[in-house]
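Reminder, nothing fancy here: chain letters follow the sequence lines and each chain counts from 1. Both backbone and side-chain heavy atoms feed into the values below; hydrogens, waters and symmetry mates do not.
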2 protein chains.
Amino acid sequence: MAASMKDVAARASVSLGTVSNVLNHPDLVATSTRLRVEEAIRDLGFIPSAAAQQLRAGRAKVLGLVVPDIANPYFMEVARGVEDAALESGYVVILCNSDEQAEREDRYLAVLESQRVGGILIAPVRKSLKPLSRLLQHGVAVTLLGNAAISHDVCSASVDDTLGGGLAAEHAIELGHTRLVWLAGPRDIPRVSDREAGLMKAARSAKVHVTRIAAAQMTTAAGDTAMDSALANGLDATALLCANDLLALGAIRALNRAGLKVPDDVSVIGYDDIEFAASAAVPLTSVRQPKYELGYAAAKLVIGECEDPATHAHQRVQFQPQLIVRASTAPSRPRTR
Amino acid sequence: MAASMKDVAARASVSLGTVSNVLNHPDLVATSTRLRVEEAIRDLGFIPSAAAQQLRAGRAKVLGLVVPDIANPYFMEVARGVEDAALESGYVVILCNSDEQAEREDRYLAVLESQRVGGILIAPVRKSLKPLSRLLQHGVAVTLLGNAAISHDVCSASVDDTLGGGLAAEHAIELGHTRLVWLAGPRDIPRVSDREAGLMKAARSAKVHVTRIAAAQMTTAAGDTAMDSALANGLDATALLCANDLLALGAIRALNRAGLKVPDDVSVIGYDDIEFAASAAVPLTSVRQPKYELGYAAAKLVIGECEDPATHAHQRVQFQPQLIVRASTAPSRPRTR
DNA sequence: CTGAAAGCGCTAACAA
DNA sequence: TTGTTAGCGCTTTCAG
């Protein structure tokens, strides 16, 4: 067992309270005793127990980070930002991979509740805040990651997905494409629906038709499969917009297998601009999100609320996406070039 | 504040101890009272405080996962395995990104000590176990991730990197390459030195020369930079073996910029076989590691030690790597084909 | 400036 | 079968 404050007190021949003061209110302690206590702390390698501190404080300096896919480089960039912000403030991050399953998300939410975490950063599986309501009641700081806040009870840090979807669509339209395909994820992934809305709006106003197909998950494999069966069903289009880069990478694989060249036969646009988009078989045109910054800002937001719930006002931080044009998109009729 | 056991006891008009028994020894409680207590628990939405439980138990059901690069898909696959194993056993994972910096690793180790975590999974920045010794003394279960155990005080789960390095070298040699380049990471990254040793051994016994160059980090960007300057310095070789896939992906970018074609001019072999290796510009030949399984096994190992330190015997679990041949490698003189 | 003591939420030993 | 109690490590009054 690790040394406790009692051990330190004994070694420095002072009382428990004095040790605590050395740690938390050093100015209240006479220099000579302070030095003596600090020496004892060093000798014993004493590190205070976070659990005991928390038991008194009511809340732990712990953040829960709930993401739908830990293997997605997008979320890992976000996680880096969260982690850096947390470490700066002495917080620790519990990693929760909901795997896009509501049931798993619920399980983790219960775990985080049992841990009495101070704050939760969540890219929710569902649109509703219902699963979070208990936590909110108990005063846990929650901020939504990637979704604009649905309610006024929480902070959110997001990227303007409607704009992003529009950016992608407009790029395709400007290139002269008139039959767009939207490769979506499973129905009701919240962070995808805004992208779809933005895209549809842009398409409508340009009077361009959009065919919607859906992958079963937001992964490379699912993108491949979805594209495969769409092609088998006679799908024919010159521009493919994807709900994220993983889907795009998978879809390109399927297109290539079918003998279609990107971008000569089909232009492909991804979303997220993960690092690998640039080194993909065909460098991918994609809508970039400031991932690290998003995570960092979101974490600062929750931590702020944790530290000072009284004066905290809920905020919505929104970043702007940016279209990164690479080799996977080309004008609709290459010969006109 | 969340409901406590006291609240539950009051609502069910029983004593504290009875509530505890309902939770931990339901068989000792009369059915009727048990039902009453369970109802109170449900009504109040009571979830026990992990901190309080831990304070008694001495250790938290928490695992620290310390990895050098959270953005590396390799470690994220490992993390998925860890996380799944943890959740199964009611453990929670604190994510610690050491960023390949000893100082940051130390900081996290202190944090984990303060959290009184039950176990630590670590892919250490340094070779020595010294930074971990205090934790070990305090009875924290430690297992090394990716490195075979350096000492007998800890478990380890690893992949045979010596073999893997050999596999890569032999593949290049069989293809007829006689001038190999080894693109290593910064000196002393433990998990890389075994790969280098295996590779060098294979090269020696085939009497093949190896030029060693080193990237500043294990990232795509660093691989690109390192290759760039090596080429500028007149490096000339037909086969490039890389310490991981990220380096390989970056190096390929630099090669392409220099007008060199993969695999026509240079064969490239990566290491790890991350998912994107398959969809890279040139699908990458790589040494595959069972990443998820590695993480899962490692987590089971620590958890086993946490749960029952007395009967626990330290183990070394070692997985076998596998060479996955893709398009980035070709015989040394294409015309001889 | 320092010490003593209460209490955070829980478990386990013991009493009833 | 149920209740009572001590104590895990810490912070924070309140006395001295």
Side-chain angles (χ1 to χ4, degrees), chain A residues 1-38 40-41 44-62 90 111 113-118 138-139, chain B residues 1-38 40-41 44-62 90 111 113-118 138-140 307:
Chain A
M1 283 291 307
S4 77
M5 266 180 51
K6 207 154 72 176
D7 303 324
V8 175
R11 186 169 235 269
S13 343
V14 294
S15 76
L16 252 184
T18 302
V19 179
S20 172
N21 278 335
V22 170
L23 260 23
N24 304 304
H25 309 283
D27 41 313
L28 298 183
V29 181
T31 315
S32 66
T33 37
R34 182 165 57 70
L35 259 30
R36 201 147 35 87
V37 171
E38 283 169 350
I41 290 178
L44 264 37
F46 165 75
I47 295 192
S49 152
Q53 292 177 318
Q54 168 198 344
L55 194 57
R56 290 220 89 243
R59 297 248 139 262
K61 286 191 124 192
V62 175
V111 170
E113 194 172 348
S114 133
Q115 297 288 333
R116 304 293 192 262
V117 297
H138 291 349
Chain B
M1 284 291 308
S4 77
M5 266 180 53
K6 208 154 71 174
D7 303 325
V8 175
R11 187 168 233 269
S13 347
V14 294
S15 76
L16 252 185
T18 302
V19 178
S20 172
N21 277 335
V22 170
L23 260 23
N24 305 304
H25 309 284
D27 41 312
L28 298 182
V29 180
T31 314
S32 66
T33 38
R34 183 165 57 70
L35 259 31
R36 200 145 38 86
V37 170
E38 284 168 350
I41 290 179
L44 263 37
F46 165 75
I47 296 192
S49 152
Q53 291 177 318
Q54 167 197 346
L55 195 56
R56 291 218 89 244
R59 298 249 139 261
K61 285 191 125 191
V62 175
V111 170
E113 194 173 348
S114 135
Q115 297 288 335
R116 304 292 192 264
V117 297
H138 292 347
V140 178
E307 304 281 85

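Of the candidates D/dT11, D/dC8, C/dC10, the closest approach to any side-chain atom of A/Lys6 belongs to D/dC8. Across C/dG9, C/dT2, D/dC10, the shortest atom-to-atom separation from the side chain of B/Ser4 is found for C/dG9. Counting only heavy atoms from C-beta on, B/Thr33 has its side chain closest to D/dT2 among C/dC10, D/dT2, D/dT12. The side chain of A/Arg56 sits closest to D/dT11 out of D/dT11, C/dT2, C/dT11. Picking from C/dC10, C/dA6, D/dT2 the nucleotide with the shortest atom distance to the side chain of B/Val29 gives D/dT2.
Taking only side-chain nitrogens and oxygens, B/Ser15 never comes nearer than 4.0 Å to OP1 or OP2 of D/dT4. Within the structure, every side-chain polar atom (N or O) of A/Ser49 is placed at least 4.0 Å from both OP1 and OP2 of D/dG9. Remark: A/Gln53 is not in phosphate contact with D/dG9, judged by side-chain N or O atoms under 4.0 Å from OP1 or OP2. In this structure, B/His25 reaches the C/dA12 phosphate: one of its side-chain N or O atoms is under 4.0 Å from OP1 or OP2.
For the pair B/Arg59 and B/Val140, the minimum side-chain heavy-atom distance is below 4.5 Å. Two residues are said to be in side-chain contact when any heavy atoms from C-beta on lie closer than 4.5 Å; B/Gln115 and B/Val62 fail this criterion. Between A/Arg11 and A/Val8 the shortest side-chain heavy-atom distance does not fall below 4.5 Å. Put simply, the side chain of B/Val37 does not reach to within 4.5 Å of the side chain of B/Val29, judged on heavy atoms.
Atom CD in A/Gln54 sits about 13 Å away from atom P in D/dT11, given to the nearest Å. Put simply, CZ on B/Arg116 is 11 Å from C1' on D/dC10, counting in whole angstrom units. Counting to the nearest Å, the P atom of D/dC10 and the CG atom of A/Leu23 are 9 Å from each other. Remark: P of C/dA13 and CG of B/Asn21 are 11 Å apart, rounded to the nearest angstrom. Note: CG (B/Leu28) to P (C/dA16) measures 19 Å, nearest angstrom. Taking atom CG of residue A/Leu55 and atom P of nucleotide C/dA6, one finds them 17 Å apart after rounding to whole Å. Atom CG in B/Asp7 sits roughly 13 Å away from atom C1' in C/dC10 (whole-Å rounding). Summarising the geometry, the separation between CE on A/Met5 and P on D/dC8 is reported as 13 Å, rounded to the nearest angstrom.
If A/Leu16 and A/Thr31 are placed on DNA chain C by their nearest nucleotide, the residue sitting closer to the 5' end is A/Thr31. Place A/Ser20 and B/Val14 on DNA chain D by their nearest nucleotides, and B/Val14 ends up nearer the 5' end.
The closest donor-acceptor contact from the side chain of B/Arg116 to the backbone of B/Ala60 lies at 3.5 Å or more, if one exists at all.
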